[in-house]
Visitor: 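After the structure tokens below, expect a handful of questions from me.
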Amino acid sequence: MEPIRVRWHGHSCFEVATDEVTVVTDPHDGKSLGIQAPKVRGDVVLVSHDHFDHSATKVVAKPESRIITSPDHVRVGDLKIRGVETFHDASEGQSRGGNIAFVFILEGVKFCHLGDLGHLLTAEQAKAIGRVDVLFVPVGGVFTIDAEGAWEVVGTLSPGIIVPMHYRVGGLSLSIRDLTPFLDLADPDCVVKVGNVVEFSKADLDDEQLVWIFTF
């Protein structure tokens, strides 16, 4: 199987790629947030909801890109994608609307990007997502679940790799929390600083749960 590259482009925007296909999640335009814009072009672009900091598809799309904004099951070559409907708040979308948690499988690795999840998962939602290898989870609070909520979701889904996202970094104009509260609740022996990009394959994953911290 081909190696997979995961690169963080700030906020909730990640590039998950092989030599054959590049998936980009929740793109932003950079300037609206006070951070650098993503420098990637995706074959597939996943948009969890239509807020400005997650749906700047023009920044990352090519003319032939597949832009996915619904929870439908989609297959692009060997890439399998499906969405699970969730909410952007704890009041079933009354405050901020809906949100899609995208589950996708690439080179045998099952990823889940939770977008701007604003509540704990129901049993039905957790079952629909299932156990995942790599979980991208918001941790900054205010507009999403906070550090404690993120760890509860981690406990529900039991991912092998936990990737925190949607937290305050230098220059970010959103008033959300930084990574500290999330890391305070983590086992320090399981926290790995991977830099801006990490390359791995399914065979590299084992039973040890790790937290990957990306730099931006």
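Position 1 is the first residue of the sequence, and the numbers go up from there.
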Visitor: Given side chains that start at C-beta, do those of Arg66 and Asp43 come closer than 4.5 Å, heavy atoms only?
Guide: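 The answer is no, as the side chains (C-beta and beyond) never meet within the 4.5 Å cut-off.
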Visitor: Please determine whether side chain to side chain donor-acceptor pair (under 3.5 Å) holds for the pair Thr86 and Asn99, giving the CA-CA distance in whole Å, both sets of side-chain angles, and the decisive distance to 0.1 Å.
Guide: CA-CA 5 Å; Thr86 60; Asn99 176 75; 2.9 Å; yes
Visitor: For Ser12 and His113, run side chain to side chain contact (heavy atoms under 4.5 Å, CB included): C-alpha distance rounded to whole Å, both residues' side-chain angles, the deciding distance at 0.1 Å, then the answer.
Guide: CA-CA 9 Å; Ser12 298; His113 186 282; 4.0 Å; yes
Visitor: Could you grab the distance from atom SG of Cys190 to atom CD of Gln209, nearest 0.5 Å is fine?
Guide: 7.0 Å
Visitor: Going through the distances and angles, do Val137 and Ile145 end up as a side chain to side chain contact (heavy atoms under 4.5 Å, CB included)?
Guide: CA-CA 9 Å; Val137 57; Ile145 53 176; 4.0 Å; yes
Visitor: Nearest heavy-atom pair of Val197 and Arg5: which atoms, and what distance?
Guide: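 What the structure gives for the nearest pair is CG2-CB, 4.5 Å.
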Visitor: So how far is it from Asp116 CG to Asp89 CG, rounded to the nearest 0.5 Å?
Guide: 10.5 Å
Visitor: Is the Phe14 ring parallel, tilted or perpendicular to the Phe136 ring (thresholds 30°, 60°)?
Guide: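 Phe14 vs Phe136 ring planes: tilted.
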Visitor: Identify the two heavy atoms, one from Val103 and one from Cys112, that lie closest to each other, and give their separation to 0.1 Å.
Guide: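 It is CG2-SG, 4.2 Å.
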Visitor: If you count every heavy atom of other residues, nucleotides or ligands that lies below 6.0 Å from Asp204 atom CG, does the total exceed 12?
Guide: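 More than 12 heavy atoms, drawn from other residues, nucleotides or ligands, come within 6.0 Å of this atom.
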Visitor: Quick one: are the ring centres of Phe182 and Tyr167 less than 6.0 Å apart?
Guide: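 No: the rings miss the under 6.0 Å criterion.
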Visitor: Determine, stepwise, if the pair Leu114 / Ile129 fulfils side chain to side chain contact (heavy atoms under 4.5 Å, CB included).
Guide: CA-CA 10 Å; Leu114 291 173; Ile129 292 171; 4.2 Å; yes
Visitor: Do the side chains of Thr22 and Glu15 get nearer than 4.5 Å, heavy atoms only?
Guide: yes
Visitor: With the 4.5 Å side-chain cut-off for hydrophobic clustering, are Val59 and Val23 part of the same group?
Guide: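 Not linked; separate clusters.
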Visitor: Does NZ in Lys127 sit with more than 12 non-hydrogen atoms of other residues, nucleotides or ligands closer than 6.0 Å?
Guide: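 Counting neighbours around NZ of Lys127, 12 or fewer heavy atoms of other residues, nucleotides or ligands fall under 6.0 Å, so no.
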Visitor: How close do Phe143 and Arg96 get, heavy atom to heavy atom, and via which atoms?
Guide: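 Heavy atoms only, the tightest pair is CD2-NE, 3.7 Å.
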Visitor: Would a line drawn from the ring center of His11 to the ring center of His166 be shorter than 6.0 Å?
Guide: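 Ring centroids of His11 and His166 are less than 6.0 Å from each other.
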Visitor: How about Trp8 and Val163: do any of their side-chain heavy atoms sit closer than 4.5 Å?
Guide: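 Trp8 vs Val163: side chains apart.
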Visitor: Give a yes or no on this: more than 12 heavy atoms of other residues, nucleotides or ligands lie within 6.0 Å of atom CD of Glu124.
Guide: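 Not buried by this count: 12 neighbours or fewer within 6.0 Å.
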Visitor: For Val24 versus Gly42, what's the shortest heavy-atom pair and its separation?
Guide: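 So the minimum-distance heavy-atom pair works out to CG2-CA, 3.7 Å.
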Visitor: Can you name the nearest heavy-atom pair linking Gly160 to Arg131, along with the distance?
Guide: N-NH2, 4.0 Å
Visitor: Taking the side chain from Arg168 and the backbone from Gly170, do they hold a donor-acceptor pair closer than 3.5 Å?
Guide: no
Visitor: Does CD belonging to Glu85 count more than 12 external heavy atoms closer than 6.0 Å?
Guide: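 Atom CD in Glu85 is not packed in, count stays at 12 or less.
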Visitor: Hey, is the main chain of Lys110 close enough, under 3.5 Å, to the side chain of Asp133 for a donor-acceptor pair?
Guide: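 Yes; judged by distance alone, with no hydrogens or angles, the pair exists.
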Visitor: Could you walk me through whether Asp53 and Ser32 pass the side chain to side chain contact (heavy atoms under 4.5 Å, CB included) test, one step at a time?
Guide: CA-CA 8 Å; Asp53 53 334; Ser32 298; over 6 Å; no
Visitor: Does the Thr144 side chain pair with the main chain of Gly118, one donor and one acceptor, at a distance under 3.5 Å?
Guide: no
Visitor: For atom CD of Glu2, is the number of surrounding heavy atoms from other residues, nucleotides or ligands below 6.0 Å larger than 12?
Guide: yes
Visitor: Can you tell me if NZ on Lys202 sees more than 12 non-hydrogen neighbours from other groups inside 6.0 Å?
Guide: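 Buried by this count: over 12 neighbours within 6.0 Å.
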Visitor: Under a 4.5 Å cut-off applied to non-hydrogen side-chain atoms, are Leu46 and Ile100 in contact?
Guide: no
Visitor: Is it true that, when you exclude Glu92 itself, more than 12 heavy atoms of the residues, nucleotides or ligands shown sit nearer than 6.0 Å to its CD?
Guide: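 No, not enclosed.
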